[in-house]
Amino acid sequence: MANLSLSRSEPAVIVRAAMPELRKKYPFDQIEPKWQQHWLENKTFAARDPQHSSTPPLQSPKLYVLDMFPYPSGAGLHVGHPEGYTATDIFCRYKRMRGFNVLHPMGWDAFGLPAEQYAIDTGTHPSVTTKKNIDTFRRQIQMLGFSYDWDREVDTTDPHYFKWTQWIFLQIFKKGLAYEAEIPVWWCDGCKAVLANEEVNADGTCDRRGHKEVYRRPLRQWILRITAYAERLLADLEHVNWPHSIKEQQRNWIGRSEGANVEFEVHGSEFGVEVFTTRPDTLFGATYMVLAPEHPLVECITTSDQKSAVETYRTVAAKKSELERGMADKEKTGVFTGACAINPVNEEKIPIWIADYVMMGYGTGAIMAVPAHDTRDLEFAQKFNLPVRIVVSPTDQSDPIGFVGDGISVNSGLITGLPTPEAKKKITEWLGERGVGEFAVNYKLRDWLFSRQRYWGEPIPIVHCPKCGTVPVPESELPLQLPEMKDYSPSGNAEPPLAKATDWVNCKCPQCGTAAKRETNTMPQWAGSCWYYLRYIDPHNAAAFVAKDKEKYWMPVDLYVGGAEHAVLHLLYSRFWHKVLYDLGHVSTPEPFTRLVNQGMILGEDNRKMSKSWGNVINPDDVVREYGADTLRLYEMFMGPLEATKPWSMEGVQGIYRFLGRVWRLYEELDDSSPSPALLKVLHQTIKKVGEDIEALAFNTAISQMMIFVNEVTAQQSRPRTVLEPFVLLLAPYAPHLAEELWQILGHTKSLACEPWPTYDPALLVEDTVEIVVQVNGKVRARLTVSAKATKEELEKLALAHADVQPFLAGKQVKKVIVVPGKLVNIAAA
RNA sequence: GCCCGAGUGGUGAAAUGGCAGACACAUCGGACUUAAAAUCCGAAGGAGCGUUAAACCUCCGUGAGGGUUCGAAUCCCUCCUCGGGCACCA
């Protein structure tokens with residue numbers, strides 16, 4: 001027995017080992033590379049530029065569809081990348097079939113810290129690492145069959161590219177929007193290097209090596225004056241079709257508020273203090289004033305008896321702001337300066353304090369404190385026993401102390417009795433007439449710290465000359481390339497690594513020719529991504545960053561898809577650069593991205609964020625090897641709405657794989673029978689729904705409809721070519737490799753990429769008879785099958801007479817009958 | 001703390017004022033097979049009445065509570081939970 005069972009089980013084991021081959025549902029491993037090569041060789045997806053079009057001139061409308069280009073990390077492609085890329089690819093393939101001239105490019109945001117860190121550790125030049133990573137990313141992306149125009153690929157680290165990044169910087173500089181300033185930056189004693197914000201952990205330690213000695217120190221930095229554009233960056237959000245939440249985040253980030261600047265005299269001195277307030281109507285309730293500890297006036301006004309207390313507080317505050325940044329609900333602290341200010345509305349003397357809850361970077365760095373109507377001021381006043389004076393009366397019964405809303409002014413001289421908005425207006429005018437105040441607008445937005453103390457970034461094309469000062473490198477000398485270096489590690493003295501390349505640093509001043517030094521800071525990673533969408537339009541132009549006519553033809557970007565993590569910075573910075581270029585006449589639109597969509601995050605199968613430490617990372621390479629690219633594409637689109645966060649499911653992938661296998665087998669049994677009316681109807685419903693859903697980026701429901709179609713065909717005896725042929729075209733944007741192969745099997749010799757999208761016949765969608773639901777008081781009690789043309793009156797009569805309805809009406813009076821033709825009848829009875 | 005978004009079967013979801021759960025996954029049953037895999041067919045929100053059993057039928061059900069409406073997953077208010085953003089911004 002034992003022998004027998006052993007010998008019988010052996011062949012089974014062998015069959016099992018060979019199973020993966022046998023189980024293959026269709027030959028995706030042959031189909032997919034075949035078509036990818038075909039598309040590349042035939043440049044199937046080349047976008048046609050206006051002047052390169054063959055005669056006659058371009059008839060088709062343009063469409064620019066952009067993906068957020070990836071940072072090519074050493075880890076390779078993540079399943080999150082193909083999500084957005086598949087969505088835009090489906091959209092593009094569909095639009096091409098609809099006759100659009102589509103620009104759909106891809107490139108690499110390739111400057112960045114990891115390659116530099118690897119260079120420090122191993123001495124490998126970052127460009128070597130970067131090239132290798134780009135090659136991996138390109139291979140992985142091409143393996144998914146996206147319809148990019150690969151002749152337009154850009155790489156931010158390519159000197160032909162960053163020449164123009166530097167050129168744009170010079171335009172910004174020449175426009176007076178770039179300046180140098182001493183700014184505190186994170187410094188790690190352990191690394192002997194400047195840290196980027198993201199390299200500092202929440203607990204104040206260094207993220208690279210865990211060092212504890214991390215603090216801020218002032219360093220000369222390049223700053224871009226983005227605040228000069230705050231108003232337009234805010235206002236123009238009205239004109240873009242972006243997700244509500246992203247617009248809201250940008251609005252909050254810009255943080256516009258209206259109010260007044262008010263001048264307070266310092267009692268017994270020639271000094272004045274200007275404060276910004278959004279509530280000038282509460283001026284009569286100001287019982288003290290607070291300056292930021294760093295406020296320059298503090299030294300001038302502090303009385304001698306308070307000097308030491310103030311000095312101590314300022315030192316502690318400076319140190320504390322370094323470490324305790326994240327702690328919002330800490331106790332209020334502060335010190336009296338000994339000086340008093342005169343309130344211009346009532347000549348009252350109020351004490352001037354310093355406190356770290358007032359920040360130098362916002363407004364004027366000084367506030368008038370109205371504890372009755374400001375939560376922070378109230379906390380402070382209660383702690384230090386400062387008076388609280390009510391000057392706004394709430395319109396409801398709430399407590400006036402701590403009331404911060406709009407109400408009616410009380411105890412406020414000339415504005416007493418006025419509602420808050422009018423009070424603000426009147427008192428601001430009054431201040432203006434006396435020259436002690438004026439209407440003012442403030443923004444939370446700060447200028448953009450643009451320099452990095454790094455090697456692997458675009459050199460800032462500036463020369464420091466002892467005679468001429470900061471001098472731009474002549475545009476004819478661009479690109480200013482990075483010097484070759486042996487050692488990429490930080491210099492240890494807060495100088496960027498480039499400072500060690502002395503041959504490179506020492507140069508002649510472009511203006512006067514005397515010995516000068518090059519700027520050694522480099523640009524942040526944001527720089528290259530600020531304008532890449534413009535370079536795709538004209539990627540090989542050596543004379544300009546983009547040719548004017550091409551820019552005019554392709555811009556603006558019609559659809560931009562990417563992750564919500566770029567909601568603020570990337571999107572704000574590129575809007576800023578774009579507006580500068582617009583003002584200089586280099587681009588033709590005030591906004592770069594018309595429509596923006598954020599794809600949601602893909603979580604691991606355990607519902608947690610994918611990460612190595614959880615061991616739940618799905619590698620697209622593995623999925624493609626086992627199930628094919630079409631399955632991966634279709635699955636990612638079927639998971640749920642594009643914008644939603646959703647967990648991965650390998651079983652879901654298999655379901656999609658089975659679906660594609662079913663599709664494949666349908667075409668093995670093609671025949672020339674004529675389709676049943678039911679099948680024809682489903683086909684036309686599918687044509688309609690798939691098209692409409694792609695327009696709305698609702699890919700999951702489009703796939704559902706295709707499944708309904710396939711289920712319908714499967715249930716039928718025949719496989720009519722006349723319905724299966726148009727279906728290939730519907731499937732093509734989603735599973736392009738499979739669709740191309742089926743198209744060929746159907747006898748076509750050309751790619752289906754530009755086949756016209758099928759049209760549906762509305763006449764076939766019209767139902768002759770419809771099922772009408774009859775409700776009594778909102779509950780379904782009967783169903784009627786009636787002609788679709790049945791009138792309201794007929795429906796009402798039928799419904800009331802229905803045998804299943806009668807019992808529910810017994811002993812009741814019909815109050816009202818609502819008839820929705822084609823849908824339902826609702827009888828309200830009591 | 002403030003701002004934004006979301007909560008629907010065992011799971012991913014659909015339906016955005018008109019039949020809740022389309023389409024899939026997982027599950028269960030059947031066909032095919034010596035068997036398994038693959039494939040195909042079918043069942044299925046919960047509770048109950050009732051029945052040999054099923055169909056039929058009844059009630060409940062979209063985070064909780066209230067409201068508007070003939071009718072609410074959908075609109076309004078309050079609350080709870082989760083996710084994202086900001087965080088003393090005067």
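First the proteins, then the strands, lettered A, B, ... as listed; each starts at 1.
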Quick note, A:Asp356 side chain, CB onward, closest among B:C88, B:G12, B:G18 is B:C88

Whole-Å distance, A:His244 NE2 to B:G84 C1', equals 13 Å

**Asked** For atom C1', what is the distance between B:A43 and B:A55, given to the nearest Å?
**Response** 14 Å

To the nearest 0.5 Å, atom CZ of A:Phe709 lies from atom CD1 of A:Ile687 at 8.5 Å

Report task. Check whether more than 12 heavy atoms from other residues, nucleotides or ligands sit under 6.0 Å from atom NZ of A:Lys247, and answer yes or no. Result -> yes

For RNA chain B, consecutive-pair runs of 3 or more (Watson-Crick or G-U wobble, both H-bond-type distances under 3.5 Å) give B:1-7 with B:80-86, B:10-12 with B:23-25, B:27-31 with B:39-43, B:45-48 with B:57-60, B:63-67 with B:75-79

Ranking B:C41, B:C70, B:A13 by distance to the side chain of A:Ile818, first place goes to B:C70

Sorted by position of nearest nucleotide on RNA chain B, 5' first, the leading residue of A:Met359 and A:Lys646 is A:Lys646

Got a list of protein N/O to nucleotides 19-27 of chain B N/O distances below 3.5 Å?
from	atom 1	to	atom 2	distance (Å)
B:C19	O2	A:Arg783	NH1	2.4
B:C19	O2	A:Arg783	NH2	3.1
B:C19	N3	A:Arg783	NH1	3.4
B:A22	N1	A:Ser704	OG	3.3
B:A24	OP1	A:Asn711	ND2	2.7
B:C25	OP1	A:Arg658	NH2	3.0
B:A26	OP2	A:Arg658	NH2	3.0

**Item:** Distance, P atom - from B:C82 to B:G46, rounded to whole angstrom
**Value:** 28 Å

Is a side-chain donor-acceptor pair under 3.5 Å present for A:Tyr443 with A:Thr227? no

Please measure how far the C1' atom in B:G85 lies from the corresponding atom in B:G71, and state the result in whole Å.
38 Å

(message) Is it the case that B:C86 (base atoms only) and A:Lys444 (side chain only) share a donor and an acceptor within less than 3.5 Å, ignoring hydrogens and angles?
(response) no

Whole-Å distance, A:Phe659 CZ to B:U39 C1', equals 16 Å

Assigned chi class of B:G48 under the 90° convention is anti

(Q) With heavy-atom distances below 4.5 Å as the criterion, would you say the side chains of A:Ile90 and A:Arg633 are in contact? (A) yes

Whole-angstrom distance between B:C59 and B:G5, as gauged at atom P: 37 Å

- Query: Which is true for A:Arg446 with a 4.0 Å heavy-atom rule: it touches a base, it touches only sugar-phosphate, or it touches nothing?
  - Reply: base

How far, in whole Å, is B:G65 from B:U8 if one measures between their P atoms?
16 Å

A:Glu248 CD to B:C3 P, in whole Å, measures 10 Å

Between A:Pro371 and A:Leu386, is there a side-chain heavy-atom distance shorter than 4.5 Å?
no

Looking at side-chain heavy atoms only, is the closest gap between A:Met610 and A:Val79 below 4.5 Å? yes

In whole angstroms, the gap separating C1' of B:U69 from CG of A:Asn777 amounts to 13 Å

**Request:** Answer with base, sugar-phosphate or nothing: what part of the nucleic acid does A:Pro243 contact at a heavy-atom distance below 4.0 Å?
**Result:** nothing

Between OH of A:Tyr362 and C1' of B:C86 the distance, given in whole Å, is 14 Å

A:Lys25 NZ to B:C40 C1', in whole Å, measures 14 Å

From the candidates B:C88, B:C60, B:A90, the one with an atom nearest any side-chain atom of A:Thr278 is B:A90

Original post:
Are side-chain N/O atoms of A:Glu636 and A:Thr86 paired as donor and acceptor at under 3.5 Å?
Top reply: no

Scan side-chain atoms only and decide if A:Tyr362 and A:Ser257 contain a donor-acceptor pair under the 3.5 Å cut-off. yes

Check your understanding: Can you check whether A:Val786 reaches A:Thr769 side chain to side chain, under 4.5 Å on heavy atoms?
Key -> no

So CZ of A:Phe380 and CD of A:Glu331: to nearest 0.5 Å the spacing works out to 11.5 Å

Margin query: Taking the ring of A:Phe28 and the ring of A:Trp664, is the distance between their centroids below 6.0 Å?
Written below: no

Classify A:Val370 by what it touches in the nucleic acid, base, sugar-phosphate, or nothing, heavy-atom distance under 4.0 Å. nothing

Using a heavy-atom cut-off of 4.0 Å across all strands, would you classify A:Ser257 as base, sugar-phosphate, or nothing? sugar-phosphate

With P as the reference atom in both, quote the distance from B:G84 to B:C28 in angstrom, rounded to an integer. 36 Å

A:Arg251 atom CZ is separated from B:C86 atom C1', nearest whole Å, by 15 Å

What does A:Lys779 touch in the nucleic acid at a heavy-atom separation under 4.0 angstrom: a base, only the sugar-phosphate, or nothing?
-> sugar-phosphate

**Asked** Which value, in whole Å, describes the distance between the C1' atoms of nucleotides B:A44 and B:G30?
**Response** 15 Å

Item checked: Below 4.0 Å: OP1/OP2 of B:A6 and any side-chain N or O of A:Thr645 -> no

Heavy-atom nearest nucleotide on RNA chain B taken for A:Arg665 and for A:Ala644; more 5' hit belongs to A:Ala644

Exercise. Pick the C1' atom in B:G66 and in B:A54, then give their distance to the nearest Å.
Key: 42 Å

In whole angstroms, the gap separating P of B:G12 from CG of A:Leu642 amounts to 18 Å

What contact category does A:Phe709 fall into here, base, sugar-phosphate, or nothing, at under 4.0 angstrom with non-hydrogen atoms? nothing

Output for pair (A:Leu445 CG, A:Arg251 CZ), nearest 0.5 Å, gives 15.0 Å

Among B:C41, B:C3, B:C70, the one nearest any side-chain atom of A:Asn252 is B:C3

